[in-house]
Undergrad: 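The structure's right below; bear with me while I get my questions together.
These numbers come from the heavy atoms of this one structure, side chains and all, not from hydrogens, waters or symmetry mates.
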Amino acid sequence: MKIGIIPIVAKEVDGDVLNAIEGYIGRFYSNFGFEVEIISETSVEDLLFVYNSVRGQFLGRFFLIKIAEIRGIEGISVALGITDADLYEEGMNFIFGLANPYLRSAIISLARLRPEFYGEENKGLLKNRAIKEAMHELGHVFGLEHCPNPRCVMHFSNSIIDTDYKGNTYCETCLEKLKRSLGWKDDRN
Ligand SMILES: [Zn+2]
Ligand SMILES: [Zn+2]
């Protein structure tokens, strides 16, 4: 089983961020029998029809359709898109990411995870935030819902403050649900 990471590029999706996500997700999800691989990048060009020039943002759900299409072509179990484009959904000013368990696809946007977006500078912080959002959206793909525990990676991020407050992984309750939905291969046995 494979989780494919697909860069969906507007200007640039940072290679070191992709590698950090691949490493972290790879280590965690290997417990469930998944391999993680970065798939060749694609451009946002095919998605310009969902670009809202007034907002300067793309409608997120169409990214999931594109990602699901690539998932089918590549023959991988789950696909996670990483884009530098800023995304929104109806009724939301912006979204950090989006997932659909039926499409077995997820997307995260780096646009509002960048410290520069908030007038700050810290290269490591972007990687850490991206790992959290990747874990969060993959959790949704595997059937997890939002968690009331503000330290759990499945806690909903209303703003970057929530993302920075939460940890990199699932709380005990969410982990139990994940184990039930995926089947846990505990390599300590
Ligand atoms: Zn969520
Ligand atoms: Zn939780």
Side-chain angles (χ1 to χ4, degrees), residues 1-8 17-39 60-61 63-72 74-83 87 89 92 95-110 112-113 124-189:
M1 296 189 296
K2 193 177 279 180
I3 298 172
I5 296 175
I6 307 163
I8 304 182
V17 174
L18 289 173
N19 291 335
I21 295 171
E22 182 194 26
Y24 190 92
I25 296 291
R27 276 190 300 279
F28 182 82
Y29 275 97
S30 66
N31 292 303
F32 296 97
F34 285 100
E35 286 170 49
V36 178
E37 187 185 309
I38 300 171
I39 308 293
R61 70 186 76 160
F63 280 63
L64 287 184
I65 295 167
K66 176 79 186 163
I67 289 160
E69 192 185 301
I70 297 171
R71 186 182 76 76
E74 297 281 342
I76 47 182
S77 336
V78 171
L80 170 69
I82 318 275
T83 187
L87 306 180
E89 265 303 317
M92 316 271 281
I95 51 168
F96 289 123
L98 195 64
N100 185 312
Y102 304 103
L103 298 175
R104 299 184 73 78
S105 298
I107 175 78
I108 68 163
S109 165
L110 302 180
R112 291 172 193 252
L113 300 179
L125 193 53
L126 172 62
K127 286 184 207 167
N128 196 244
R129 287 169 172 172
I131 285 167
K132 290 176 185 177
E133 293 307 323
M135 287 287 277
H136 182 96
E137 298 307 337
L138 284 175
H140 283 317
V141 169
F142 297 123
L144 298 184
E145 286 166 9
H146 286 148
C147 179
N149 179 346
R151 290 289 188 190
C152 174
V153 82
M154 289 314 294
H155 192 70
F156 175 68
S157 289
N158 215 357
S159 80
I160 200 67
I161 297 165
D162 302 314
T163 305
D164 287 341
Y165 189 74
K166 66 189 180 187
N168 281 4
T169 195
Y170 311 103
C171 72
E172 283 301 316
T173 312
C174 289
L175 188 58
E176 283 308 314
K177 284 183 198 159
L178 193 67
K179 285 177 180 177
R180 275 201 297 278
S181 106
L182 282 175
W184 178 257
K185 294 197 187 82
D186 196 330
D187 50 17
R188 286 168 299 183
N189 289 337

Undergrad: Kindly say whether L103 contributes a backbone atom to a donor-acceptor pair with the side chain of S105 at under 3.5 angstrom?
TA: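 A pair under 3.5 Å: yes.
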Undergrad: Given 3.5 Å as the limit, does a donor-acceptor pair link the side chain of S77 with the main chain of K2, or not?
TA: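 Pair found, side chain donor or acceptor close to backbone of K2.
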Undergrad: Does any non-hydrogen side-chain atom of I39 lie less than 4.5 Å from one of I5?
TA: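 I5 vs I39: side chains apart.
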Undergrad: Give a yes/no verdict on a cation-pi contact between R151 and Y165, requiring under 6.0 Å between NZ or CZ and the six-membered ring centre and an angle within 45° of the axis.
TA: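 The answer is yes; both the distance and angle limits are met.
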Undergrad: Please check if the side chain of R71 supplies one atom and the backbone of A79 the other of a donor-acceptor pair under 3.5 Å.
TA: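 Not a single qualifying donor-acceptor pair exists.
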Undergrad: Has the side chain of K166 got a donor or acceptor atom that lies under 3.5 Å from a matching backbone atom of K132?
TA: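 No; judged by distance alone, with no hydrogens or angles, the pair does not exist.
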Undergrad: For the side chain of Y24 and the backbone of N168, is there at least one donor-acceptor N/O pair under 3.5 Å apart?
TA: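 Here the side-chain-to-backbone pair exists.
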Undergrad: I8 and side-chain contact (heavy atoms from CB on, under 4.5 Å): which partner among I107, I82, I70?
TA: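 For I8, the side-chain contact (heavy atoms from CB on, under 4.5 Å) check succeeds only for I107.
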Undergrad: With side chains defined as the heavy atoms from C-beta onward, is the minimum distance between H155 and N149 less than 4.5 Å?
TA: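 A side-chain contact is absent here, since even the closest heavy-atom pair is not under 4.5 Å.
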Undergrad: Spell out, as yes or no, whether a donor-acceptor pair under 3.5 Å connects the side chain of N128 to the backbone of G124.
TA: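 No, because the side chain of N128 does not come within donor-acceptor range (under 3.5 Å) of the backbone of G124.
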Undergrad: F142 pairs by ring pair (Phe, Tyr, Trp, His ring centres under 6.0 Å) with which of F32, Y170, F34?
TA: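 With F142 as partner, F32, Y170, F34 yield a single ring pair (Phe, Tyr, Trp, His ring centres under 6.0 Å), made by F34.
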Undergrad: Compare all side-chain heavy atoms of T169 with those of F28 and state whether any distance is below 4.5 angstrom.
TA: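 Touching, per the 4.5 Å side-chain cut-off.
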Undergrad: Side chains of L175 and K179: closer than 4.5 Å at any heavy-atom pair?
TA: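 Yes, their side chains come closer than 4.5 Å.
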Undergrad: I95 and side-chain contact (heavy atoms from CB on, under 4.5 Å): which partner among E89, E133, R112?
TA: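 Of the listed residues E89, E133, R112, the side-chain contact (heavy atoms from CB on, under 4.5 Å) partner of I95 is E89.
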Undergrad: Is any side-chain heavy atom of V141 closer than 4.5 Å to a side-chain heavy atom of L80?
TA: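 Side-chain contact under 4.5 Å: no.
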Undergrad: What closest approach, in Å, do G60 and L98 show between heavy atoms, and which atom pair accounts for it?
TA: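 In this case the closest contact between G60 and L98 is C-CD2, 3.7 Å.
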Undergrad: Return the minimal non-hydrogen interatomic distance between L110 and A130, and the atom names on each side.
TA: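 Where L110 meets A130 most closely, the heavy atoms are CD2-CB, 3.9 Å.
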Undergrad: Below 4.5 Å, heavy atoms only, C-beta onward: do I38 and N19 meet side chain to side chain?
TA: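 Counting from C-beta outward, I38 and N19 do come under 4.5 Å.
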Undergrad: Measure from the side-chain N and O atoms of H146 to the backbone N and O of F156, and report whether any donor-acceptor pair falls under 3.5 Å.
TA: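 The answer is no, because no donor-acceptor pair under 3.5 Å joins these two groups.
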Undergrad: Taking all atoms of both residues into account, what is the closest heavy-atom pair of A134 and I25, and its distance?
TA: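 Of all heavy-atom pairs spanning A134 and I25, the closest is CB-CD1, 4.1 Å.
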Undergrad: Determine the sole option in K177, H140, E145 for which the side-chain contact (heavy atoms from CB on, under 4.5 Å) test with M154 is passed.
TA: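 Going through K177, H140, E145 one by one, the side-chain contact (heavy atoms from CB on, under 4.5 Å) with M154 is satisfied by H140 alone.
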Undergrad: What I'd like to find out is whether the side chain of T83 reaches to under 4.5 Å of the side chain of I108, using heavy atoms alone.
TA: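 Answer no - side chains too far apart.
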Undergrad: Mind checking the CD1-NZ spacing from I21 to K127? Nearest 0.5 Å is all I need.
TA: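 Spacing of CD1 (I21) from NZ (K127) equals 11.0 Å.
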Undergrad: Side chains of F96 and I160: does their closest heavy-atom pair fall under 4.5 Å?
TA: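 A side-chain contact under 4.5 Å exists here.
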Undergrad: Please say which of E35, M135, M1 ends up in a side-chain contact (heavy atoms from CB on, under 4.5 Å) with Y29.
TA: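 Among E35, M135, M1, the one meeting side-chain contact (heavy atoms from CB on, under 4.5 Å) with Y29 is M135.
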Undergrad: Of the non-hydrogen atoms in T163 and S157, which two are nearest, and what is the gap between them?
TA: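 Between these two residues, the closest heavy atoms are OG1-OG, 2.9 Å.
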Undergrad: Write down the atom of A106, the atom of I67, and the distance for their closest heavy-atom approach.
TA: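 Looking at all heavy atoms of both residues, the shortest contact is O-CD1, 3.5 Å.
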